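Notes follow once the structure below has been shown.
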Amino acid sequence: MASGNLPLIIMDHLYSIDDRLKRGRPPPLLKGADEDIIIDEEPAPEAIPVIDPASISRCCIERGLFPAVPLFFQYPCSTSKGWSEWVDRELKNPSTRDILSRAGVLEAIFASKACDIHIEAMTLRHLVRRWSTETHTFICSWGEFTPTLEDAANIFRLPLCGSQDPFHISLTPEDGLKLETLRKGAPTSPSTSLRFSNWIQFFWNSDRDEPCRLAAFISLWLGRFLFCDFSQDCLHGRVFPLALAIAQGSMIPLAPMFLGHLYRLVDQIQCLEKGAAGTMAVETFANSSFLQIFLWERFKGIDVSPLPYSKAESLVAPDENSYVPGGLPRICRWFRRMQRKGQNFLELLDDVEKFIFRPYCVLSEAFSSAPLYADSIALVEALATRQFGFDQGVPSCPSHGDSLALYKVFWTNDSMPGDGRPLALALANRQRVGNLSKAYQIYWNRCFASFSRFHAAHCDRLILTIIHHARLVSEDKAISLSEKRNLPFTSKSREIVGDFLKLRRKLEKSGSYSTGKSVASGK
């Protein structure tokens, strides 16, 4: 804990803890919930440790351990120049479509061609500070929720299971040569050879028939849309072996890999907030497009309107010769949609009646959903929580020893390690609404009692423990980013800085501001 002579801090004064999480209440039963609760071997509610409030930034901020600092979402939410045309070219080839279909990524890659998501930064700032790094769930007054395999399968259309260990890709000698070509990248300087724009220009060249063009194409999709975590415009070489496997038609369990990657990056936000102790802002490459769509799919009342099918189709297939799947992926209905600024998201977040536990069970026009449900014709394996239509009991404390042994269920035919039971073959029927056990309600009341004691306890501000990190942002850079996105904050000198309106007035006086330009607030 901190003592005297604390460093000056910056603060996101737009962040609010004036919400219902302070009060809390027993989680209510949902209307239409199934009365017959089915829970196997539920532990006693007193025997399970409660959620540690220190694992939730929102609780730490209320207690005064560190302030809410400006948080910038740096994941590139729109497509790179030339990507849409490259997708169109590759998907016109029936052989390529067959390979991508066998790998389970055809619809995912198709949807990426026009993926342009407008995020509401203040909404996401409040969301990620409800994240528990201990449980990997968002905490609300009524319970907890999280992005699941169901969300990854329906929003990004990623395969849940696979045929090959993604951590040990077997490469043929020919693949080894392709890997070296990919690592070299575009024939530019070493510092720019893996840049998205150079990559597209080099590998998408109609005058050449590059042997590893398909692998290069898939590499860009993986590194740009799924596993972008260190640069807004540069690939990381770790995706190349995965791309080579997918280019051979091998299915990789991308959904659990994507979720693990997302969880790690949201965990990192809290780690840096604690370590910097209010002295610097934080940036993150957590997939803000996915998080934004996740909220739009999961919460009623957010002021945003999805596209009708016909308009979504015109966006992704303006050319009548373009490939279009039988039903557009659901993500297409959110392209270029904008949420109304200033809406009080916290009121929705803490109202269980606004949360949609089973958003993908209601088909929207001809948009397609992943076949995960017990009443689907084709089924895919998945794990179960209340968000899947099953009943919620007291959470257990799983211990499978070797964590890799647990992950192997996604790319082998192995049973769940330890007890020999297989994964659930499907989610509950589309119409079923999950219920809560009485024991879970007792457990949740214990959690909130722990939160209240944590908030009330006296403490000093945390001391600075992280000085240098690639995702920590200086005050000067934070001001520049805030001005571009119209997200002002309180500086170390206690002044409001980063206000785009003030910047515009200053530029107007100097004659260097053009009213024809606009600011993309929140992006």
Side-chain angles (χ1 to χ4, degrees), residues 9-22 56-62 66-78 117-131 138-141 145 147 262 265-266 269-270 272-273 278 280-305 334 336-351 354-355 471 473 475 477-491 496-503 518-523:
I9 62 172
I10 60 178
M11 185 172 63
D12 177 10
H13 63 272
L14 301 177
Y15 179 78
S16 174
I17 58 172
D18 185 17
D19 53 41
R20 281 186 272 179
L21 190 67
K22 290 183 177 181
I56 308 165
S57 286
R58 161 65 181 74
C59 295
C60 295
I61 291 169
E62 181 172 352
F66 56 85
V69 299
L71 175 60
F72 300 103
F73 295 90
Q74 299 288 60
Y75 172 82
C77 294
S78 57
I117 306 300
H118 294 269
I119 70 166
E120 175 50 43
M122 287 310 303
T123 295
L124 295 185
R125 285 182 179 184
H126 282 88
L127 175 71
V128 298
R129 288 189 170 114
R130 293 291 190 94
W131 180 256
F138 296 113
I139 308 301
C140 302
S141 63
F145 67 98
L262 178 69
L265 292 181
V266 182
I269 294 172
Q270 185 182 131
L272 294 176
E273 282 191 308
M280 285 179 279
V282 175
E283 67 177 11
T284 177
F285 281 95
N287 197 308
S288 48
S289 290
F290 178 85
L291 289 174
Q292 188 68 71
I293 298 171
F294 170 73
L295 290 181
W296 288 342
E297 292 281 7
R298 287 285 181 179
F299 279 90
K300 294 179 287 187
I302 296 180
D303 197 352
V304 60
S305 300
W334 299 117
R336 302 183 187 178
R337 299 289 85 197
M338 292 192 71
Q339 178 180 328
R340 178 173 64 84
K341 307 291 181 185
Q343 183 179 18
N344 189 345
F345 172 68
L346 295 178
E347 290 184 355
L348 303 177
L349 184 62
D350 286 314
D351 185 351
K354 300 297 184 183
F355 187 77
R471 301 282 76 83
V473 178
E475 183 175 89
K477 182 180 177 181
I479 292 174
S480 176
L481 290 171
S482 294
E483 287 173 342
K484 292 177 181 178
R485 305 171 193 201
N486 200 23
L487 293 169
F489 65 94
T490 304
S491 70
I496 303 298
V497 297
D499 189 329
F500 174 73
L501 296 179
K502 290 183 179 179
L503 173 66
S518 63
V519 61
S521 174
K523 284 205 76 176

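Since this is a predicted model, take the numbers as computed values, not measurements.
The existence of a salt bridge linking Arg340 and Asp303 is confirmed by a sub-4.0 Å separation between a basic side-chain nitrogen and an acidic carboxylate oxygen.
Residues meeting the ring-ring contact (aromatic ring centres under 6.0 Å, His included) test with Phe66, sequence neighbours left out: none. By the salt bridge (charged side-chain N to carboxylate O under 4.0 Å, His left out) test, Arg125 is found to be paired with Asp12, residues two or more places apart in sequence or in another chain being considered. In this view, Arg471 and Glu283 satisfy the salt bridge (charged side-chain N to carboxylate O under 4.0 Å, His left out) rule, not counting sequence neighbours. Contacts of Ser491 classified as side chain to side chain contact (heavy atoms under 4.5 Å, CB included), with partners at least two apart in sequence or in another chain: Glu475, Ser493, Glu495, Val497. By the side chain to side chain contact (heavy atoms under 4.5 Å, CB included) test, Glu62 pairs with Ile17, Lys22, Arg58, His455, sequence neighbours left out. Under the side chain to side chain contact (heavy atoms under 4.5 Å, CB included) criterion, Leu346 pairs with Ser16, Asp19, His126, Arg130, Asn344, Leu349, not counting sequence neighbours.
At a threshold of 4.5 Å between non-hydrogen side-chain atoms, the residues Leu272 and Met280 do not count as touching. Phe489 has its side chain within reach of Ile479: a pair of non-hydrogen atoms, C-beta onward, lies under 4.5 Å apart. The shortest side-chain heavy-atom distance between Ile61 and Tyr15 falls under the 4.5 Å cut-off. Lys341 has its side chain within reach of Glu120: a pair of non-hydrogen atoms, C-beta onward, lies under 4.5 Å apart. Proximity of Leu481 to Gln74: side-chain heavy atoms (C-beta onward) are separated by under 4.5 Å at one or more points.
Because its NZ or CZ atom is not both nearer than 6.0 Å to the ring centre of Phe145 and within 45° of the ring axis, Arg298 does not count as a cation-pi partner of that residue.
Between the side chains of Gln339 and Gln292, at least one donor N or O sits under 3.5 Å from an acceptor N or O.
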